[in-house]
Every structure is written in C-alpha cells, then in structure tokens.
Enquirer: 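Mind having a look at this structure? Questions to follow.
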Amino acid sequence: MAYQPSNKFEQVRAEKLERLAALGIDPWGSRFDDRQPIGQVRELAPESGESHIRVRTAGRVLSKRDSGKACFFDLADKSGRVQVLAGQKQIADDWKVVELLDLWDMVGVEGIIGRTRTGEVTIFAHRIFFLTKTLAHPPEKYHGAQDVEILLRHRYIDMIQDASVIARFEQRAKILGFIRRFLAGEGFTEVETPSMQAIAGGAAARPFITHHNALDLQLYLRIAPELYLKRCLVGGMERVFEIARVFRNEGIDATHNPEFTMMELYEAYGDYNRMMEITEQIVVGAMKEVGLPMQMTYGEYQLDFTPPWRRATYDELLAEHAGCHMDQPEQILAAANARGIATAGKDIDLIVSELFEATVEDVLIGPVFVIDYPASLCPLTKRKTSNPKVAERFELFVAGMELANAYTELNDPILQEELFTKQLSGQKEEDSMAKMDLEFILALKHGMPPAGGLGIGIDRLVMLLTSSETIRDVVIFPLLRPRPLSAGINPISDDQSEPAS
RNA sequence: GAGGGCGUAGCUCAGCGGUAGAGCAUCGGACUUUUAAUCCGUUGGCCGUGGGUUCAAAUCCCACCGCCCUCACCA
C-alpha cells in the first residue's frame, strides 16, 4: 500500500523520508537512552554564557529560525521547552540532519547548556539525532490551531501546541490519585462492577443499548454502578467504592458528555450525614492536592470551601426561591403555573421537582448541600423515620452544577420492591429511577446493612478544580460525531470511511 | 428537539454579486546569537456538499453535513 500524501506539504515531507534514508538515517528513530528532561536541563543553565555542562535531551521541534550556517530551534518535551543552537561547524556531519529538519519533527540533542547573549537558555549542540519524522503539516506557529473542532478531534494537536492541556489532565490524574489514596486510607476497597448490565438501574437516564452475540442478549451500558456496589455491602464489603465510567444516552453540553466518570462509595453503618463529611473531606483534600486555597474563583463566582458547608433543606430552598412549600399542593401548582411549568396529569412531586430545578438549582452557588428530598423522587433512598414523605438524600451544588448525590441507602427489600413498581404519573419510565430489578431485590432480602452511599461527578469536580468552563476540557477525548477526515488530514490507506447516512 | 452563528490555502483570517486575497507555514536563495528572526523570490484553492436565482455566485435563496452558542431535554 503506497503512501499517498494528502497535499503538497505532506509530499515534501515524504520526500525527506527518502533523503534521510539516503543518508543512512532511520526517519522513525530508535531507543534514546540517558535523556534528561528539558525542564531539568534548563535548571543547569549558568547566569550567562556557555557552561561546561554537557546535556542530552530529546523532544519535538516546535519552532525553527535558520540563520545561514547556524540554526536555532525550540525543542519541547513534557517538562518544558528549550532553545537549541545548531552551528554547522559545531555539529559537523549532523548538519545534514538539520537541513532536513521540519517543524514538529522529533530529535535528540547533545551539547553544552548555556545562554545566548540575549540571555536565552540554549543548548549549544554538538550532536543531533533524528528520532521521528512528522509527515503532517503543523498549524500556524503563532496562533496555532484555534478551531475547537480541530482541537477536540485531534487532541494531540491541542496537547502539542498548548502545554497547559497536558497539565490539566495531569491535575485530573492527581485528583483521582488523591481520591483513591484517601479512600484506601479510610478503609474503602476499590472494586470494578459490570459496565454491561441486563437492567440499567441506579439512576434516571436513557441507556445505550448493545448486544452480546454468543449469549444473544440485549445489554445496556451502565448508567450507574449503584445496584452492584450495594450487592457488595450485602456480601460484607463494609466500605467499597468504584471509579466508574458511566454512559448516558442524553444531550451533550458544557456539563454533559455521553460517557463520564462517577465515583461512588458505600459505607455500611453510615448515613447521609456521614456522606456529607466524606464529601467535604474528598473535595477539600482534592483542592489541597492541586494546590488550591479554600477561597477560590470559578468563572464569575467567588467560592469558599472552608468546611462545614451550608446545609439547606429542599423545602426551605423551595420556600426561599419559589415561595412555596413542598407539602402544599395549591402553592406548588400556583407557583408552577406562574412560571409556565406544565402541570396537567403530572404527579405533584414531579411538579415540585421541576419547580425546584427551574427556580433553585441555577442560583445555588455554594458549596451547599441540599438535603431532604421529596421521597417519591428517591426510590433508592431511606425515608426519614419522622416523616416518610421525605428521603434522606442530599445533592451538593457548586456554581449551579450538581457535583454530588448521596443517600442513606434504602435497605428494606419489601419497600424497595414496592418503590420499583411505582411510577409517578406524567413521568416516562425511562426518566425514572424506578426500574424493577428482581436480582437486586433478592440481594436486599439477604440483608444489606444500613448504609450511606455517595456519588461524585469526577468530571465536574475536575472542571471546578481546574477552572474549566466545559466538560470537554477535562474529558480527554470527548464524543464528536465522526466525519470524513478534515481537510488536509487524510489516512494513509485509501479506504475513506463513508459519511453516516 | 427549537432558535441563532460559523464553515474561504496546511493554519490564522480578510473578501459578501463582476478575474480568489493577506500573514504564517512550504519551496528556492542570503545570513553563525536568532527567538512571531530578517531580507529577496516562489508555490499553494471543488470558497463545507448539492440544488436554485442571475448575463455573472465565495457573496443572494433553499436543502443537507459538521462545529459553536442559547434554550429545551438531562443530573
């Protein structure tokens, strides 16, 4: 299969493959040992002039300034960027390599660290080792690629041209690392429950459907790990958690990606009050992990995470922002009608929920725990002993985003079975958390200890802690509709994918 | 799903009825302290796709595709 360059730029670069080969140089390089990261190399630089310190490093050529018998280029690796001066006389035979060097090629460099007369940290090269040819033509050097579509579809371009992109995903990794260490320290065991489930339960969301051929079985991609993690409680795993990729077949916007990461934990003998403490510990700990102060800004908001955070009941927030109480149907209907919320044929609690979402959620700058939800909205949650119409549930809101959701878990199999059959009128089954799962009921019949359970949206937490405005900044490869390759970027083979019909 | 915006060279963008443009990048040349290097020259286009209006369409109209924003849906 012959390589077909997709434009003249690639044609030119392809020809350089031959020219490199003619010089006995492998354009795809090989192992390069004893490499010092560029960040470390920079630290060896003297105050001025050349040192006697030899350095050996490697990276990608991001810019290049030819100057007759010398060539300056900037070499970058993950740790930083440094200028290299390759003088024809100084690098001797390797000058042939420099002559064939293109932007975004990768090379190894050996030389002396120093500074030019303008003070720029520079490797005065003695050797240049060709490591990898870049066949594609890179974006413009000053602005770089700006088109969001290019940056998302080809995230590597985003990473190459903007060091903060990798840094942001490293922050994400640090946050996840902290959560794992913290929970391990608290005695939680990490488990991995099925992503493919015969019944997609544990949340209210439309699932993705898939199929197993050998079993001839329709399966769903999970919308939550909840029902499996509770089985672990039944079995005696007293503290258990999962960092679960979940999949929801819903719309896409700044805070929703079809697949995202949910941390769920369950603690036997706990309740939702205990979950609030853990939530504070996790969020505050994660903030410290990435070096954030308790007072911080996120977008236009000034947030103070100094614990304990405000705890406000669902009812008092409803009263404050919608002017009605959740147990007063006339008030609710009036308030809903006043805001144009359709009420006909809808269960009163569904209307309450819509009213709450319309009036309260967006104004919750927080951090604030919204506690004690209308019970009918919470089929997996234990009811308050003092008032069975209220469920021991909280949601954590920050900057208008829901960041966490937790309950005192319902462990009564008889009530659970009943709640699974109860659909609120005016609500589609797919919009309800109540989906009959007899296997789960059977598990509860074997005795699940009273417990607290917590889910934290990891992507949104990372957004908050990295000042990211959209979830796409923290999901490394967010979903985009596939399309025939963008102009100028063609595959090496000639079998173009067909556009979706 | 509804409304709005955008799609022009590899990239960043101008042009908005009358021969398709600039900067960077590329290619050739000069230059051993440049750093958005500079200087001289050069190449580069199904103007997203398909219809239509017009003597004439990148430009106006319609449909479709993709992306973005707002709203809706949704945690």
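Everything numeric here is computed off the predicted structure, so don't read it as measured data. Naming: A, B, ... by sequence-line order, numbering from 1 per chain.
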Enquirer: Could you check A/P139 against A/N405 and say which one's nearest nucleotide on RNA chain B is further toward the 5' end?
Expert: A/P139
Enquirer: Between A/Q146 and A/F260, which is nearer to the 5' end of RNA chain B once each is assigned its nearest nucleotide?
Expert: A/Q146
Enquirer: In whole Å, I'd like the distance from the CZ atom of A/R481 to the P atom of B/rC64.
Expert: 13 Å
Enquirer: Taking CG from A/D253 and P from B/rC69, how many angstroms apart are they, rounded to a whole number?
Expert: 9 Å
Enquirer: If you define the side chain from C-beta out and look only at heavy atoms, does anything of A/V246 sit under 4.5 Å from A/I223?
Expert: no
Enquirer: Rounded to whole angstrom units, what separation is found between the CH2 atom of A/W104 and the P atom of B/rC11?
Expert: 12 Å
Enquirer: With sugar-phosphate meaning primed atoms plus P, OP1 and OP2, does A/G457 contact a base, only sugar-phosphate, or nothing at under 4.0 Å between heavy atoms?
Expert: nothing
Enquirer: Would you mind pulling out the nucleotide paired to B/rA57, Watson-Crick or G-U wobble, both distances under 3.5 Å?
Expert: none
Enquirer: Looking only at atom C1', what distance separates B/rC6 and B/rC74, rounded to whole Å?
Expert: 26 Å
Enquirer: Searching all strands shown, indicate the nucleotide that pairs with B/rC6 (Watson-Crick or G-U wobble; both distances under 3.5 Å).
Expert: B/rG66
Enquirer: Please evaluate residues A/I175 and A/L461 with respect to the criterion side chain to side chain contact (heavy atoms under 4.5 Å, CB included), reporting the C-alpha separation (whole Å), side-chain torsions for both, the decisive distance (0.1 Å), and the verdict.
Expert: CA-CA 9 Å; A/I175 291 164; A/L461 178 63; 4.1 Å; yes
Enquirer: Return the nucleotide paired to B/rG1: Watson-Crick means purine N1 to pyrimidine N3 with N6-O4 or O6-N4, wobble means G-U with N1-O2 and O6-N3, both under 3.5 Å.
Expert: B/rC71
Enquirer: For B/rU19 and B/rC55, measure between their C1' atoms and round to the nearest Å.
Expert: 16 Å
Enquirer: B/rA36 P sits how many Å from A/K64 NZ, rounded?
Expert: 17 Å
Enquirer: Is any N or O donor-acceptor pair between the side chain of A/H256 and the base of B/rC74 shorter than 3.5 Å?
Expert: yes
Enquirer: Rounded to the Å, how far apart are A/E140 CD and B/rC11 C1'?
Expert: 6 Å
Enquirer: Base, sugar-phosphate, or nothing for A/R13, non-hydrogen atoms under 4.0 angstrom?
Expert: nothing
Enquirer: For residues 363-375 of chain A, run the donor-acceptor check on the side chains, cut-off 3.5 Å, and write out each pair with its distance to 0.1 Å, sequence neighbours left out.
Expert:
| residue | atom | partner | partner atom | Å |
| --- | --- | --- | --- | --- |
| A/D372 | OD1 | A/Y272 | OH | 2.5 |
| A/D372 | OD1 | A/K384 | NZ | 3.3 |
| A/Y373 | OH | A/E395 | OE1 | 3.1 |

Enquirer: Counting the atoms with a prime plus P, OP1 and OP2 as sugar-phosphate, which does A/K16 contact under 4.0 Å by heavy atoms, base, sugar-phosphate, or nothing?
Expert: sugar-phosphate
Enquirer: How many whole angstroms separate atom CZ of A/R153 from atom P of B/rG7?
Expert: 17 Å
Enquirer: Can you tell me the Watson-Crick or wobble partner of B/rU42, both distances under 3.5 angstrom?
Expert: none
Enquirer: Indicate, with a heavy-atom threshold strictly under 4.0 Å, whether A/H137 touches base, sugar-phosphate, or nothing.
Expert: base
Enquirer: Among residues two or more places apart or on two chains, list those pairs meeting ring pair (Phe, Tyr, Trp, His ring centres under 6.0 Å) that have a residue in residues 120-146 of chain A.
Expert: A/F9-A/H137, A/F32-A/F129
Enquirer: Test of understanding: with side-chain hydrogen bond (donor to acceptor under 3.5 Å, both in side chains), list the residues that count as partners of A/T122, not counting sequence neighbours.
Expert: A/Q83
Enquirer: With both distances under 3.5 Å as the test, what is the Watson-Crick or G-U wobble partner of B/rC47?
Expert: none
Enquirer: Please tabulate the protein-to-nucleotide N/O contacts below 3.5 Å involving nucleotides 42-47 of chain B, giving atom names and distances.
Expert:
| residue | atom | partner | partner atom | Å |
| --- | --- | --- | --- | --- |
| B/rU43 | O2 | A/K8 | NZ | 3.2 |

Enquirer: Determine the sole option in A/R65, A/K141, A/K64 for which the salt bridge (charged side-chain N to carboxylate O under 4.0 Å, His left out) test with A/D74 is passed.
Expert: A/R65
Enquirer: Work out how far the P atom of B/rG52 is from that of B/rG10, and round it to whole angstrom.
Expert: 28 Å
Enquirer: Kindly list each side-chain donor-acceptor pair under 3.5 angstrom involving residues 351-360 of chain A, sequence neighbours excluded, with atom names and distances?
Expert:
| residue | atom | partner | partner atom | Å |
| --- | --- | --- | --- | --- |
| A/E354 | OE1 | A/K346 | NZ | 3.0 |
| A/E354 | OE2 | A/K346 | NZ | 3.2 |
| A/T359 | OG1 | A/L355 | O | 2.7 |

Enquirer: Can you name the nearest heavy-atom pair linking A/P139 to A/G144, along with the distance?
Expert: CB-C, 4.0 Å
Enquirer: Please measure how far the C1' atom in B/rU8 lies from the corresponding atom in B/rG15, and state the result in whole Å.
Expert: 9 Å
Enquirer: Where is the tightest heavy-atom contact between A/P225 and A/T193, given as atom of each residue plus distance?
Expert: CB-OG1, 3.7 Å
Enquirer: Taking OP1 and OP2 of B/rC73, is either one under 4.0 Å from a side-chain nitrogen or oxygen of A/R206?
Expert: no
Enquirer: How far, in whole Å, is B/rG48 from B/rG7 if one measures between their C1' atoms?
Expert: 6 Å
Enquirer: Using the side-chain contact (heavy atoms from CB on, under 4.5 Å) definition, which of the options A/V55, A/V109, A/I53, A/V121 pairs with A/V41?
Expert: A/V55
Enquirer: Any carboxylate oxygen within less than 4.0 angstrom of a Lys/Arg side-chain nitrogen, looking at A/E392 and A/R383?
Expert: no
Enquirer: Does A/K141 place a side-chain N or O at less than 4.0 Å from the phosphate oxygens OP1/OP2 of B/rG10?
Expert: no
Enquirer: Mind calculating the distance between CG (A/N7) and P (B/rU26) to the nearest angstrom?
Expert: 13 Å
Enquirer: Using purine N1 to pyrimidine N3 plus N6-O4 or O6-N4 for Watson-Crick, or N1-O2 and O6-N3 for G-U wobble, each under 3.5 Å, what pairs with B/rG23?
Expert: B/rC11
Enquirer: Across nucleotides 29-34 of chain B, 5' to 3', mark each nucleotide with B, S or - according to how protein heavy atoms within less than 4.0 Å reach it.
Expert: --BBBB
Enquirer: Taking atom P of B/rC73 as reference, at what distance in whole Å does atom CD1 of A/I223 sit?
Expert: 19 Å
Enquirer: Quick one: look up who B/rC31 pairs with, Watson-Crick or G-U, both distances under 3.5 Å, and put none if it's unpaired.
Expert: none
Enquirer: Taking atom P in both B/rG1 and B/rG44, what distance in whole Å separates the two?
Expert: 43 Å
Enquirer: Check whether more than 12 heavy atoms from other residues, nucleotides or ligands sit under 6.0 Å from atom CD of A/E469, and answer yes or no.
Expert: no
Enquirer: In whole Å, measure the gap between the P atoms of B/rC46 and B/rA9 for me.
Expert: 8 Å
Enquirer: On a whole-Å scale, what distance lies between the C1' atoms belonging to B/rC60 and B/rG18?
Expert: 14 Å
